[in-house]
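Some notes on the structure that comes next.
Being a predicted model, the structure only gives us computed values, none of them experimental. Both backbone and side-chain heavy atoms feed into the values below; hydrogens, waters and symmetry mates do not.
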Amino acid sequence: MTTAVVRALGALAHRAAHAPAPAGCGCPPPAVLADRADGTVVRSGTVVAKAHAPGTDVAALAVRLGLAALPGLADILLAPLPLPPPTARGEAAAPLVPGAPRLTELHGRPVTLWPHGGPVDPGDPDAAPWEEAAVLLARLHRTELPAPGPGAAQPLVLPAMRGPAKAALAVGRMCAQRPGDPSTAPVLTAWQRLPDWARDAAPAPAHLPRFLCHGDLHLGQLVRHPVPHGGWLLIDVDDAGIGDAAWDLARPAAWYAAGLLPPDVWFRFLGAYRAAGGPAVSAEGDPWPELDVAARALTVQTAALALAKSAAEGRDPDEVEQMMIGSCARIAALPPELAAGHAS
């Protein structure tokens, strides 16, 4: 991300935090919270500005922002902020999509504004809110979108959840970074054994239940709001939509299968999801028949990103990354007729 874009994000977040900024404002300089291929996030005071990934479908993003802004989801999803009013000098953040007052553009990138929330503390894994995340997912999955009320222009028609698309992008990134590298073979074999829909190569089959999904659940997608003692909320709706709810449980399931997530944490997460009425898995018994495909897909996605990232950084995969690559090797070693029944 260029310095110009970071500065523009900081200025926009600052304007939104003050709306308008007072003369002689003594705010500290804006802080870059994240700068990755899928977006850059800059904070100023109580407001965070996010530049979304290049090539983002802005029409679909506008719909997802409308979803996050629904009052009925205010205790599940962090709601986006409206664009700030024009300054005295006439500076204005114009909506990028007609009728989408929470989406603008800076330097060719779609940009949104959000309240600042307190993230999960990576230095205190014992306090990680796995049960809270599970309950939020269960409530999201059980949500029925309201029909448009009197005077509403159109119903909220959500796009498909982007989990399979993200997995396909990860595999593509790995292949671009390591063309012809034999280390990718087990990952590619595990990938090819997934059904077409899980590889974003075909629509999901009609028999799969369809629910409102987050699409990219991990602990970095939770914040406390208001800071510091508010409840936990899900953030980042870039991948949200309608799809297989098992995808939202798939990353912790894949980590558990690989040995990265302790069994007691996994069973606490799964138990909290079931207790909250989550529909992705049966209420009791073995959850793996419902989770298998999505968990294998997230295993491949994680391993592919590990190989791509390590290649870009000129290093070998680290121990944690090797564990996910090893999971792919175990999937690849299964007889093809059995691979569909195992996640690792």
Side-chain angles (χ1 to χ4, degrees), residues 1-21 27-69 77-87 91-120 159 161-163 165-166 169-170 172-173 176 214-218 220-223 225 227 233-241 305 308-309 312:
M1 180 65 69
T2 65
T3 301
V5 174
V6 170
R7 287 176 177 169
L9 288 173
L12 180 62
H14 184 259
R15 281 172 46 205
H18 290 291
C27 289
V32 178
L33 301 183
D35 190 5
R36 302 183 301 268
D38 60 349
T40 295
V41 181
V42 178
R43 174 191 174 189
S44 179
T46 60
V47 175
V48 167
K50 176 177 180 179
H52 296 259
T56 294
D57 182 336
V58 294
L61 178 58
V63 174
R64 292 177 169 115
L65 294 172
L67 169 73
L77 298 175
L78 186 70
L81 296 172
L83 301 176
T87 67
E91 298 170 325
L96 181 57
V97 176
R102 299 172 181 86
L103 179 60
T104 189
E105 184 180 49
L106 289 173
H107 297 269
R109 300 284 290 276
V111 170
T112 51
L113 295 169
W114 303 85
H116 170 64
V120 175
M161 176 268 297
R162 291 189 66 249
K166 290 194 68 143
L169 287 171
R173 181 177 165 189
H214 180 272
D216 189 29
L217 188 278
H218 53 80
Q221 306 287 34
L222 287 98
V223 296
H225 185 266
V227 177
L233 296 172
L234 295 169
I235 64 171
D236 190 357
V237 294
D238 295 57
D239 304 309
L305 289 176
K309 182 178 179 182

Item to check | Spacing of CG belonging to L33 relative to CG belonging to L9, to within rounding of 0.5 Å | outcome: 10.5 Å
Next on the checklist: Is any side-chain heavy atom of L113 closer than 4.5 Å to one of P84?
Outcome noted: yes
Checklist outcome for this item: Taken to the nearest 0.5 Å, the spacing of L65 CG from L77 CG works out to 11.0 Å
Item to check | Side-chain donor/acceptor of Q221 to backbone N/O of D236, under 3.5 Å | outcome: no
Checklist entry - Hey, what do you get for NE2 (H214) to CZ (R64), rounding to the nearest 0.5 Å? => result 11.0 Å
Next on the checklist: Could you report the tightest heavy-atom contact between P115 and A79, atom names first, then the distance?
Outcome noted: CD-O, 3.2 Å
Item to check | NE2-OG1 distance between H225 and T46, expressed to the nearest 0.5 angstrom | outcome: 8.0 Å
Checklist entry - If you measure from CG on L234 to CG on D216, what distance do you get to the nearest 0.5 Å? => result 11.0 Å
Checklist entry - What are the two closest non-hydrogen atoms of H116 and G45, and how far apart are they? => result CB-O, 4.1 Å
Checklist entry - Name the one of D238, D57, D239 that satisfies side-chain hydrogen bond (donor to acceptor under 3.5 Å, both in side chains) with R162? => result D239
Next on the checklist: Looking at V6, is its backbone amide N or carbonyl O close enough to the side chain of H107 to form a donor-acceptor pair, meaning the two atoms are under 3.5 Å apart?
Outcome noted: no
Item to check | Heavy-atom pair of closest approach, residues A69 and P80 | outcome: N-CD, 3.9 Å
Checklist entry - Do the non-hydrogen side-chain atoms of T40 and V5 ever get within less than 4.5 Å of each other? => result no
Item to check | Where A13 and V47 come nearest, the two heavy atoms and their spacing | outcome: O-CB, 3.6 Å
Next on the checklist: Using only atom types and a distance under 3.5 Å, with no angle test, would you say the side chain of R43 pairs donor to acceptor with the backbone of V48?
Outcome noted: no
Checklist outcome for this item: Heavy atoms of H14 and C27 approach each other most closely as NE2-SG, 3.7 Å
Checklist entry - Measuring from L83:CG to R15:CZ, what's the distance to the nearest 0.5 Å? => result 9.0 Å
Checklist entry - Which atom pair, heavy atoms only, marks the closest approach of G215 to M161? => result CA-CG, 3.6 Å
